[in-house]
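The structure under discussion appears below in the form of structure tokens.
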Amino acid sequence: MSTPAHSNYCASRFQAKRRKSREVNIGTVAIGGNQPIRIQSMTTTNTQDVEATVAQALALAEAGCEIVRITAPNKAAATALGDIAQKLRAAKCQVPLVADIHFLPSAAMEAAKHVEKVRINPGNYADKKKFAVIEYSDAAYAEELERLHASFSPLVLRCKELGRAMRIGTNHGSLSDRIMNRYGDSPLGMVESALEFIRIAESHHYHDICLSMKASNPKVMIEAYRLAAARMDEEGMHYPLHLGVTEAGDGEDARVKSAIGIGTLLNDGLGDTIRVSLTEDPIYEIPVARDLADKAMALWAQQAEWPLSTDTKDRLNPFEYCRRHSRVVNLGPNCQIGGQIAPAVIVKTRHSLGALNTLIQEVCHTQSSLKDHRIEGLHVAIQHLDDLKAFTGLHAALHSVVQVFVLELADTMDLGALEVFEWPTDGLAGITLLQRIHQADAFYAASLLQFCRTHGFNCGIDCQADALRDEIGAQLARMGSAGLILTVGACAEGYHPIGSYRALADAAQAFVPDAPIWIRNTAANTLHAQDRFSDQLLESSILGGALLCDGIGDAISIETDIPLDTATTLAYTILQGARARISKTEFVACPSCGRTLFDLQSVTQTIRARTDHLKGVTIAIMGCIVNGPGEMADADFGYVGGAPGKINLYVGKTCVKYNVPAAEALDRLIDLIKAHGKWVEPM
Ligand code: SF4
């Protein structure tokens with residue numbers, strides 16, 4: 001199966017143009033077409049505890065959840081959905097309900113009587129999921145598909161008869177043995193798995209379908225949704241997409257991962273309904289999802305009228321991660337960027353050099369208070385000559401505390417001022433001069449680069465793709481890319497911020513193809529961010545995460561008006577969320593649902609408290625084993641509900657301890673981590 005062409009998955013990689021999808025009704029709420037992006041969540045109560053489930057569904061609806069999913073792990077729970085629906089309607093709540101089905105066609109058939117939509121997982125709906133390696137001949141594969149047709153058709157026909165919608169919800173890591181055998185545990189396998197089910201539905205002229213392609217790794221999830229859109233386009237299908245990063249965990253990490261995955265795709269114009277999965281009370285999912293949806297809809301509305309940009313080619317493969325090639329640049333004594341080196345973290349201080357002591361104190365406090373992270377580059381604004389003079393004091397105070405000083409020169413500063421200045425010579429830190437260069441200033445760009453080289457500095461050129469394609473690119477090409485870093489401080493007209501960087505990478509290809517690119521979360525690049533930190537977190541995660549998942553980005557900075565420690569932590573969290581730089585323990589935790597066999601929220605916190613110093617170790621915490629060990633993705637260790645009060649422990653995808661009493665499971669998990677040489681004592 002060849003990978004589809006770029007253009008088939010979205011209208012533009014530079015502008016946010018909404019994908020055209022079919023409108024599908026889920027009870028009183030429609031998704032797709034021109035409908036707003038709909039917000040979804042899922043209850044975490046035991047489904048058969050009807051009162052508790054109704055109360056949580058009401059609370060979710062009240063908070064703005066537009067579609068509520070409830071698990072139906074067996075037929076009795078599916079039957080309870082009838083009571084739940086009745087009580088909700090009696091309470092004048094019309095929120096559509098979705099039954100979440102794994103494995104059991106009988107539960108799906110029952111649930112379809114009571115709820116507006118049924119979600120099935122093609123990896124385990126009437127299909128083999130024994131993690132067996134079986135060779136399927138073409139004839140055996142076709143036979144399996146016929147069997148699937150016979151097993152799935154009754155549900156399709158029932159949904160068609162009752163006017164129910166259906167989600168074909170594929171999850172990475174829970175693909176059937178048949179699909180794994182042919183396509184592997186890959187985005188392509190996820191997509192083909194869903195398409196097989198859609199073809200069966202279409203054979204019955206049933207089209208009230210939406211698709212999801214969730215994964216806990218935003219990179220995998222992004223690739224899978226793009227591929228789904230492209231493959232549907234090839235087959236003339238236009239079903240809406242339900243977006244989500246599954247098992248994202250909790251807190252800031254989870255919000256960042258969700259923003260990277262969901263936000264990237266919404267910027268591509270993909271996505272009709274979303275769920276932000278958090279290992280928290282589901283009510284907290286709603287404001288995050290609302291913010292992501294509102295941002296995307298504002299962007300779509302703003303850019304809908306823009307003519308399609310046709311002059312820029314995108315050379316990166318959106319279906320398969322590959323880091324853009326760049327040369328290694330020494331930013332400071334122990335800080336390099338480019339090549340295959342993990343991106344560096346630069347933060348911009350809110351203080352001017354006029355407040356030198358405050359600035360120094362903030363940096364020192366930040367460096368000593370941050371546990372896992374450090375400021376590598378400190379970015380300060382140089383507005384005039386006095387700031388340059390103050391920089392001497394800053395350098396003297398901090399050159400042993402930060403690796404790199406980035407001096408952002410105001411437009412009014414020119415080489416004359418730089419040349420007469422007595423630059424510090426005794427420091428340990430590196431210096432990068434950064435300046436915005438306009439289209440007409442090509443000669444100045446070359447002179448600035450030359451000045452930097454003469455002084456042993458690096459040179460950051462902040463320019464838009466159009467300017468680089470013009471005379472600036474030609475000037476820089478003549479000089480070569482040594483010591484040069486490219487960036488865009490303000491989104492170019494006609495592009496969204498992600499598109500501005502994609503266009504810059506494209507323009508660089510023709511002139512300085514190996515110049516590293518620095519992703520800057522400036523106020524101008526995060527146009528829709530409000531003053532709230534939560535909003536800036538989402539905006540920065542979308543811009544940084546989308547580009548890093550594209551393979552673009554050798555350094556990242558947060559330049560919005562937030563304290564240095566917050567900005568530093570956020571930058572590292574974005575790098576970790578995009579799997580570009582691992583600096584702390586990675587937790588993959590399911591959001592919990594009615595199948596959960598222990599208190600996920602408190603257990604996650606307890607596990608985190610004892611293991612969050614294990615840099616580079618991934619721990620999965622899963623409420624049940626329904627989706628199989630595969631859904632723990634690439635976790636090193638797994639803590640999974642096996643039975644009430646009993647935990648199964650995994651190393652990779654292999655269960656090594658069954659039915660460990662819950663009270664001792666964390667100690668046994670730590671024993672396993674130690675036995676595999678991945679434990680270090682907390683400092
Ligand atoms: S893994 Fe978690 S969210 Fe998924 S079905 Fe099990 S308990 Fe529910």
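Whatever order the structure lists ligands and atoms in, that order sets their numbers, starting from 1.
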Taking only heavy atoms of R595, which atoms of ligand 1 are found under 4.0 Å from at least one of them? 5 (S)
Below 30° counts as parallel, above 60° as perpendicular, anything between as tilted: where do the rings of H204 and H149 land? tilted
Metal site atom 8 (Fe) of ligand 1: N/O/S of C624 inside 2.8 Å: no
State the atoms of ligand 1, each with its element, that fall below the 4.0 Å cut-off from a heavy-atom position in T596. 7 (S)
Output the list of atoms in ligand 1 that are nearer than 4.0 Å to some heavy atom of C593, sorted by atom number. 3 (S), 5 (S), 7 (S), 8 (Fe)
Do side-chain atoms of Q40 reach the backbone of R275 as a donor and acceptor pair under 3.5 angstrom? no
Exam field: side chain Q576 to backbone K584, donor-acceptor pair closer than 3.5 Å: yes
Hey, which atoms in ligand 1 end up nearer than 4.0 Å to a heavy atom of G623? 2 (Fe), 7 (S)
Answer yes or no: is there a donor N or O on one side and an acceptor on the other, between the side chain of R164 and the main chain of K113, under 3.5 Å? yes
Do we see a donor-acceptor contact under 3.5 Å between the side chains of D599 and S602? yes
